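Numbering of ligands and ligand atoms starts at 1, following listing order. Predicted model, so just to flag it, every value in this text is computed and none were measured.
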Amino acid sequence: MKKKFYVTTPIYYVNDVPHIGHAYTTIAADILARYNRLINRDVFSLTGTDEHGQKVEKAAQGKGKTPKEHADLMVKNFKNLWERLSISNDAFIRTTDDEHKMVVQELLQKLYDNGEILKRTYSGWYCTPDERFWTEKEVVEGKCPDCGRPVEHIEEDNYFFLMSKYQERLIKYIEDNPSYILPETRRNEVLGFLKNNTLGDLCISRPRHRLSWGIPLPFDENFVTYVWFDALVNYFSATKYLVPPSHPPLSKGGQGGGDDWWPADHHLIGKDILTTHAVYWSTMLMALKLPLPKNIFAHGWWTIEGKKMSKSLGNVVDPYEIVDKYGVDAFRYFLFREVPFGLDGDFSEQALINRINTDLANDLGNLLSRFLAMAVKYFEGKIEMSKSLEEFKVYCVKSLVGAMDEQNWSHLRFNLILENIWNIVSETNNLIAREEPWKLAKDNQARLKDVMYSIWNSLRIIAFLVYPFMPSTAERMWRQLGLKSLTEEVRDGLPGIFSWDWKPAYEIKVSKGEHLFPRIETKEAK
Ligand code: ME8
């Protein structure tokens, strides 16, 4: 039976248009999804939108629309962008889906019946834009400690999830499971927070008179659900109704979808929403007696030329603009090569151009075109399946193993994986410089054949290794190397296709194609 792999992105608020930050997390999830499909796992990759709450209600009001009409329009921005960025998500969840709402209500009822939710009078400071309460101690001079905007004092009845009783269990869980929260700095941050503070209970309702755009509490219609309780449940509810038919139930007699896809392998999020995931979601699952996800990975923050991205600064990076100018694959590659996943990064067009010109145009693109030109010149494109040069093979196989290392993938070390792939690229360039095929063509045809096969084989390996990061580049490489469709061939040729000297059963004839990454000429790059 195939191993399953389930990866999620945050569900994004519909009150904003997507920018580079949203693209970053979603591309990361796509890289994992594509890689896991490549190695023959049954993959479910999920993204979606978070559509309830005050912010959406207000934004819709401002535009003279109902919240749902507003959301319907905004969702298109996300769906279109994911298509443009070659995101291969299996499903798109919206918190306004009826099925999702039903699951949220079911879970709320279960918690309520089990005495995990209680009604209390609450008095505290409320930050409307952030939709959260703060205690007297937390408020800084009448302002929200998180966003710095004024808070208002509110006293009202509300429902509370008894989160505090899970504090010790959560600490133990995180300590016992070192890769539950990654990277390690974030894990330590959560542990530090849990050990040095007393966890409160979580207010999970909003009175309907103040907020109507939400899921009603099943046990009290005067209240709607706090937006985070509704949003976090998406990861679980999706497994109940969005697993496509191509993903059959894994257990015998399953109903399709169902609990079989829970728990997720990775929740990818930005560091901004670590507490809601690591603390709220984890304790909610404990109270529901459901397994916890295998990993929550909180990545770093992108700034733009050293500044925080903000509408008021006018520096929000529009992914459409970047990919129109530089191409989707270059953008996808840049984001994961430039900065180790987990750390903060700074975006600038110049840094992107530098990466394109060096890693992509020079190292990779030129390698392929030089090889193709030589193959056409010396052998009319026909590549004889011989064997790789031994020393070259030994060096490259080490990097191949690194690029497919389970630990590297389960810890999302994308930059290390890319580094391993580029070791093979560099070593293949070195091989050409060392062997000088143009000289061998004159006096050593036998060696020339081995050298050319070695390069062909290495480029083939590079093609499938870059596939998760740059899917269309990989397919183009694969075809230019005289092979059929990468994804189909990988599936048919498993598992041998990942080994160094795999050979297709058919004759290989290569032909010159378009350069993968034309060099970008700018004043600075010259
Ligand atoms: O928080 N750098 O949605 P959201 C890197 N609806 N990543 C960034 C980024 C930046 N500058 N800006 C945004 C929400 N992101 C909730 C989530 S999940 C159950 C509910 C990415 O639209 C990053 O993944 O504000 C961050 O966590 C997410 O967008 C926040 O998206």
Pairing residues for E99 by the side chain to side chain contact (heavy atoms under 4.5 Å, CB included) criterion, not counting sequence neighbours: D97, Y241
Flag the pair Y235 / H277 as yes when their ring centroid distance falls below 6.0 Å, and as no otherwise. yes
Check whether the ring centres of F341 and Y24 lie less than 6.0 Å apart, and answer yes or no. yes
Distance-only donor-acceptor hits, side chain of residues 103-113, under 3.5 Å, sequence neighbours excluded:
from	atom 1	to	atom 2	distance (Å)
Q105	NE2	P216	O	2.8
Q109	NE2	D113	OD1	3.0
K110	NZ	L288	O	3.3

Using the ring-ring contact (aromatic ring centres under 6.0 Å, His included) criterion, which residues pair with F5? Sequence neighbours excluded. H266
Against R206, only a single residue in Y126, Y159, Y226 fulfils side chain to side chain donor-acceptor pair (under 3.5 Å); can you say which? Y126
For ligand 1, find each of its N or O atoms that sits under 3.5 Å from a protein N or O atom, and tabulate the pairs with distances to one decimal place.
from	atom 1	to	atom 2	distance (Å)
ligand 1	2 (N)	W302	N	2.9
ligand 1	6 (N)	I11	O	2.8
ligand 1	6 (N)	D50	OD2	2.7
ligand 1	11 (N)	W301	NE1	3.4
ligand 1	11 (N)	W302	O	3.2
ligand 1	22 (O)	Y13	N	3.0
ligand 1	24 (O)	T25	OG1	2.7
ligand 1	24 (O)	G270	N	3.3
ligand 1	27 (O)	G270	N	2.9
ligand 1	27 (O)	D272	OD1	2.8

